[in-house]
K.L.:
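Once you've had a glance at the structure underneath, I'll fire off some questions.
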Amino acid sequence: MKIIAGRFRGRTLRAPTGQNTRPTSQRTRQIIFDHLMHAPWYGREALERACILDGFAGTGALGLEALSRGAKFASFIEKSRQAATILHDNVRACRVEDQTQILRCDTTNPPPARMKHNLVFLDPPYHKALVPQALRALSQKGWLAEKALIIAETEHQTEDLLHEPEKLILKRQIGIAEVRFWFHQG
């Protein structure tokens, strides 16, 4: 697994062995970042001002890709000890320790935030309906800036993650995954 573009382009990221962590595929990351860089509702300038939250971070591929493309700061939340260790290694390999914080905890039960984040990636384990639970907890603990852009990757499903479909900006099915973009109305 490699960083696709930006200052870390081509850098290989480590990933945990086994089935407990499912890194976001390179194809899915490419589609997400193509939308972020070129959409009329976001764009390169917004990404370069972004304070990222990568929830259910795993390898940190989404947050590190954003930093590679110019984002200012990234917070990573990862519960698994093995994944968090590899995430630390990936952050060190990219030499962005001063632009990141890594919290080893559950995204559905985070500590109070030290700062608000305006671009949020949520890529939880499939078939567990964790996105609504994580959003409630992150909002209650002060992690989400008003009008933060939320990007959630889940299994393809009909469940409404937002409970208010008019907030949905974009939905893309990519293989068995479904990626949704919307602005938090916090």
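Side chains included, hydrogens not; waters and symmetry mates left out as well; all remaining heavy atoms used. For reference, positions follow the sequence shown, starting with 1.
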K.L.:
T154 and L130: side-chain contact (heavy atoms from CB on, under 4.5 Å), yes or no, with the steps?
P.N.:
CA-CA 9 Å; T154 62; L130 294 173; over 6 Å; no

K.L.:
Could you walk me through whether L67 and F73 pass the side-chain contact (heavy atoms from CB on, under 4.5 Å) check?
P.N.:
CA-CA 7 Å; L67 288 171; F73 189 85; 5.6 Å; no

K.L.:
side-chain contact (heavy atoms from CB on, under 4.5 Å) between Q26 and I4: does it pass, once the steps are laid out?
P.N.:
CA-CA 7 Å; Q26 189 166 324; I4 300 164; 3.7 Å; yes

K.L.:
Calculate, to the nearest 0.5 Å, the distance between atoms CZ and CG belonging to R29 and L36 respectively.
P.N.:
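Reported value, rounded in 0.5 Å steps: 13.0 Å.
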
K.L.:
Is the shortest side-chain heavy-atom distance between L13 and K2 below 4.5 Å?
P.N.:
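Of all side-chain heavy-atom pairs linking K2 with L13, none is under 4.5 Å.
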
K.L.:
In plain terms, say whether R69 and E65 are close enough for a salt bridge, that is, a side-chain N and a carboxylate O under 4.0 Å apart.
P.N.:
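So R69 pairs with E65 through a salt bridge.
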
K.L.:
For Q185 and F183, indicate whether the former's side chain and the latter's backbone hold a donor-acceptor pair under 3.5 Å.
P.N.:
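Judged by distance alone, yes, a pair lies under 3.5 Å.
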
K.L.:
Please examine the side chains of W143 and S75, heavy atoms only from C-beta on, and report whether any two atoms are closer than 4.5 Å.
P.N.:
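Touching, per the 4.5 Å side-chain cut-off.
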
K.L.:
Which atom pair, heavy atoms only, marks the closest approach of F8 to C94?
P.N.:
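Closest heavy-atom pair between F8 and C94: CE2-O, 3.4 Å.
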
K.L.:
Taking all atoms of both residues into account, what is the closest heavy-atom pair of G63 and D54, and its distance?
P.N.:
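Taking every non-hydrogen atom into account, N-OD2, 2.9 Å.
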
K.L.:
Does L62 reach the side chain of I151, with side-chain heavy atoms less than 4.5 Å apart?
P.N.:
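No, every pair of side-chain atoms sits at 4.5 Å or beyond.
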
K.L.:
Search all heavy atoms of R27 against all heavy atoms of G175 and return the closest pair with its distance.
P.N.:
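Heavy atoms of R27 and G175 come nearest at NH1-N, 4.2 Å.
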
K.L.:
What distance separates R136 CZ from L144 CG, expressed to the nearest 0.5 Å?
P.N.:
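Here the rounded value is 12.5 Å.
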
K.L.:
Hey, are the side chains of E78 and I102 touching, using non-hydrogen atoms and a 4.5 Å cut-off?
P.N.:
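Sidechains of I102 and E78: no contact.
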
K.L.:
Donor-acceptor check, side chain of S68 to backbone of A5, threshold 3.5 angstrom: yes or no?
P.N.:
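Checked: pair present.
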
K.L.:
Are the side chains of I77 and L138 in touch, meaning some heavy atoms are under 4.5 Å apart?
P.N.:
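Yes, at least one pair of side-chain atoms sits under 4.5 Å.
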
K.L.:
Of all the heavy-atom pairs spanning H117 and V120, show the shortest one and how long it is.
P.N.:
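Minimum heavy-atom separation between H117 and V120: O-CG2, 4.3 Å.
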
K.L.:
Short question: side chain of H184, backbone of E146 - any donor-acceptor pair under 3.5 Å?
P.N.:
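It does not hold such a pair.
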
K.L.:
Between H35 and F181, does the ring centre distance come in under 6.0 Å?
P.N.:
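Here the rings of F181 and H35 have centres that are less than 6.0 Å from each other.
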
K.L.:
Which heavy atom of F56 sits nearest to which heavy atom of P125, and what is that distance?
P.N.:
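That closest heavy-atom pairing would be CD2-CD, 4.0 Å.
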
K.L.:
With a 4.5 Å cut-off on side-chain heavy-atom distances among I, L, V, M, F, W and Y, is there a chain of contacts connecting M37 to W41?
P.N.:
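Yes: a chain of side-chain contacts under 4.5 Å links M37 to W41.
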
K.L.:
Would you find a donor on one side and an acceptor on the other, under 3.5 Å apart, between the side chain of R49 and the backbone of K72?
P.N.:
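Judged by distance alone, no pair lies under 3.5 Å.
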
K.L.:
Under the criterion side-chain contact (heavy atoms from CB on, under 4.5 Å), I'd like the reasoning laid out for K116 against C51: C-alpha separation, chi angles, the key distance, then a yes or no.
P.N.:
CA-CA 8 Å; K116 298 220 180 262; C51 181; over 6 Å; no

K.L.:
Assess whether atom NZ of K141 is packed by more than 12 heavy atoms of other residues, nucleotides or ligands within 6.0 Å.
P.N.:
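Atom NZ in K141 is crowded, with more than 12 foreign heavy atoms closer than 6.0 Å.
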
K.L.:
Looking at K79, is its backbone amide N or carbonyl O close enough to the side chain of D106 to form a donor-acceptor pair, meaning the two atoms are under 3.5 Å apart?
P.N.:
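Side chain of D106 to backbone of K79, a donor-acceptor pair under 3.5 Å: no, none is there.
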
K.L.:
Considering residues, nucleotides and ligands other than R7, do more than 12 of their heavy atoms fall under 6.0 Å from its CZ?
P.N.:
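Yes, enclosed.
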
K.L.:
Given V131, which partner from the list T107, L122, I150 fulfils the side chain to side chain contact (heavy atoms under 4.5 Å, CB included) test?
P.N.:
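With V131 as partner, T107, L122, I150 yield a single side chain to side chain contact (heavy atoms under 4.5 Å, CB included), made by L122.
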
K.L.:
Rounded to the nearest 0.5 Å, how far apart are CD1 of I176 and CD of Q173?
P.N.:
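I176 atom CD1 to Q173 atom CD measures 10.0 Å (nearest 0.5 Å).
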
K.L.:
Once rounded to the nearest 0.5 Å, what's the spacing between atom CG of D123 and atom OG1 of T28?
P.N.:
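D123 atom CG to T28 atom OG1 measures 8.5 Å (nearest 0.5 Å).
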
K.L.:
Side-chain contact, heavy-atom cut-off 4.5 Å: I52 with T100?
P.N.:
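Heavy-atom side-chain distance check fails, nothing below 4.5 Å.
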
K.L.:
To check you understand the geometry: which heavy-atom pair defines the closest contact between A66 and L47, and what is its length?
P.N.:
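It is CB-CD1, 4.2 Å.
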
K.L.:
Side-chain donor-acceptor pair under 3.5 Å between R44 and H38, yes or no?
P.N.:
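There is no such pair between these side chains.
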
K.L.:
Between R180 and E178, does at least one N-O distance fall below 4.0 Å, as a salt bridge requires?
P.N.:
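Salt bridge: yes.
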
K.L.:
Does the plane of the ring in F121 sit parallel, tilted or perpendicular to the ring in F33? Use 30° and 60° as the thresholds.
P.N.:
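Judged by the thresholds at 30° and 60°, the geometry between F121 and F33 is tilted.
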
